Amino acid sequence: MGGRKMFNLAIMGLGAWGKNLIGSVQGKSDSVRFVSAVTRTPAKVEDFTRQHGIGLGSDYGAMLSDDAIDGVVICGPGDLHVEHAAAAIDAGKHVLVIKPLALRRTEAVELYEAAGKKGVFLGMGYERCFLPAIDELRRRVAAGDLGQIVHAEGDYCVGRYSNMTREHWKTNSAVAPAGALADHMLYLMIELIGPVEELQARGLHLATDLDAPDTSTVTLRFAGGASGLLTAIGVTANYARVVFFGTEGWAEVRGASRFEFTPSIGEPTVIDFPEFDSLRSQLECFAVAAMDEAAFPVSPENAIAGVAAVEAMGQSVKSGGPIAL
């Protein structure tokens, strides 16, 4: 961004993930910084915001009226993202919504339409999108190394549900239906294969009594015919994996840094990428996209398709059968 002034960010919601976002850039980035934060309970984060030189309050409207703020990062409860994003857009702010962008496709479409009318940038953020290993996967797919992609699988497994209660929004099945925990992998599949045309989600309560299923799978059919499978587990050790199978070979990203490509003919390639701050990259890319200097990696069309697929997961669980999108 050269000698241009810093891109000033405000954040709505300051839980653990919001703190991670601030920590990734504050005092480290030469292009973006957080100057303001709004949360329902400011007293809980006073020490944190003071340490990082960030203004703190509980009045979202007052923060949005501050002309010094260039962009707003929405990082509160998922069921409030649309309300908070719409208010920021109406105030003329560029907006980055940490997934979920919305809970319904119609809401996602309305947000992008509103941003277009206001002339501001709207982006959906998820940090795995920015990993060098994911860039390598994109490159291999674009180069045709895998041939025709016929199937994709994504696993996203964590232990968070073992320590959460029903009061947490991430355990609310209306916000996080069966399979939605694996949406990191879903968005990448949509980007590289195409939108989902049909899916069926199944959720089980095997280790918790939370509202959201702790163990779930989603079978997918993409535009063009490729199949897919998502596995989402909230009560085990951390495990993240996405793999694409093609007629000329398969490619996998394991964790955040390990890439492997095995061709049908020839020797496998394994690359272990160095540690990379994907949160910082996400925020800096948001600023660049807001200034119309480069495209954001998550297109509006793909973001909307992702919201539609997660919405369909909830519908599938309720109906007990497949949902056509």
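We use all heavy atoms of the structure for the numbers below, so side chains are in, but hydrogens, waters and symmetry mates are not. What you see is a predicted model; the values in this text were computed from it and never measured.
- Contact of the R140 side chain with the F259 side chain is registered, since non-hydrogen atoms from C-beta on lie closer than 4.5 Å.
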Chi angles and distances behind the side chain to side chain contact (heavy atoms under 4.5 Å, CB included) call for L283, F7: CA-CA 10 Å; L283 294 169; F7 193 86; over 6 Å; no
Derivation of the side chain to side chain contact (heavy atoms under 4.5 Å, CB included) call for V45 and K19: CA-CA 9 Å; V45 293; K19 291 177 180 177; 3.8 Å; yes
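- In this structure the side chain of I233 reaches within 4.5 angstrom of the side chain of V235, judged on heavy atoms.
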Full working for salt bridge (Lys or Arg N to Asp or Glu O under 4.0 Å) between R221 and E197: CA-CA 6 Å; R221 179 170 57 81; E197 287 193 341; 2.9 Å; yes
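- Taking the charged nitrogens against the carboxylate oxygens, R258 and E252 have no contact shorter than 4.0 Å, which rules out a salt bridge.
- Counting only distance, with no hydrogens or angles, the side chain of D214 and the backbone of T208 share a donor-acceptor pair below 3.5 Å.
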Worked check of side chain to side chain contact (heavy atoms under 4.5 Å, CB included) between M189 and L230: CA-CA 10 Å; M189 293 176 183; L230 295 174; 3.7 Å; yes
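- Judged purely by atom type and a 3.5 angstrom limit, S58 has no side-chain atom pairing as donor or acceptor with the backbone of R40.
- Under the 30°/60° scheme for interplanar angles, the aromatic rings of F296 and F121 are found to stand perpendicular.
- Here the side chains of M124 and V97 are not in contact, with every heavy-atom distance at 4.5 Å or above.
- Side-chain contact between C75 and L21 is present, with heavy atoms from C-beta onward closer than 4.5 Å.
- Separation of the Y60 and H84 ring centroids falls under the 6.0 Å cut-off.
- Here the options are K93, H94, K5, the test is side chain to side chain donor-acceptor pair (under 3.5 Å), and the partner is D70; only K5 passes.
- F34 pairs with exactly one of T49, N8, V73 by the side-chain contact (heavy atoms from CB on, under 4.5 Å) rule, that one being V73.
- A donor-acceptor distance shorter than 3.5 angstrom exists from the side chain of S216 to the backbone of G179, with no hydrogens or angles considered.
- Contact record, L192 with I149: O-CD1, 4.5 Å, taken as the closest heavy-atom pair.
- Other residues, nucleotides and ligands contribute over 12 non-hydrogen atoms within 6.0 Å of the CZ atom of R128.
- Side-chain contact check for K99 versus V310: every heavy-atom pair is 4.5 Å or farther apart.
- Under a 3.5 Å cut-off, the side chain of K118 and the backbone N or O of G92 do not form any donor-acceptor pair.
- The pair K117-E113 does not meet the salt-bridge criterion, since no charged nitrogen lies less than 4.0 angstrom from a carboxylate oxygen.
- Shown here for I193 and A226, the closest heavy-atom pair between the two residues is CG2-CB, 3.9 Å.
- Below 30°, between 30° and 60°, or above 60°: for Y126 and Y187 the angle between ring planes is between 30° and 60°, a tilted geometry.
- When all heavy atoms of A102 and V307 are compared, the pair lying nearest together is O-CG1, 3.5 Å.
- A 4.5 Å side-chain heavy-atom check between I54 and Q26 finds at least one atom pair inside the cut-off.
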Residue pair R138, C129: steps toward the side chain to side chain contact (heavy atoms under 4.5 Å, CB included) verdict: CA-CA 10 Å; R138 290 186 178 107; C129 170; 3.3 Å; yes
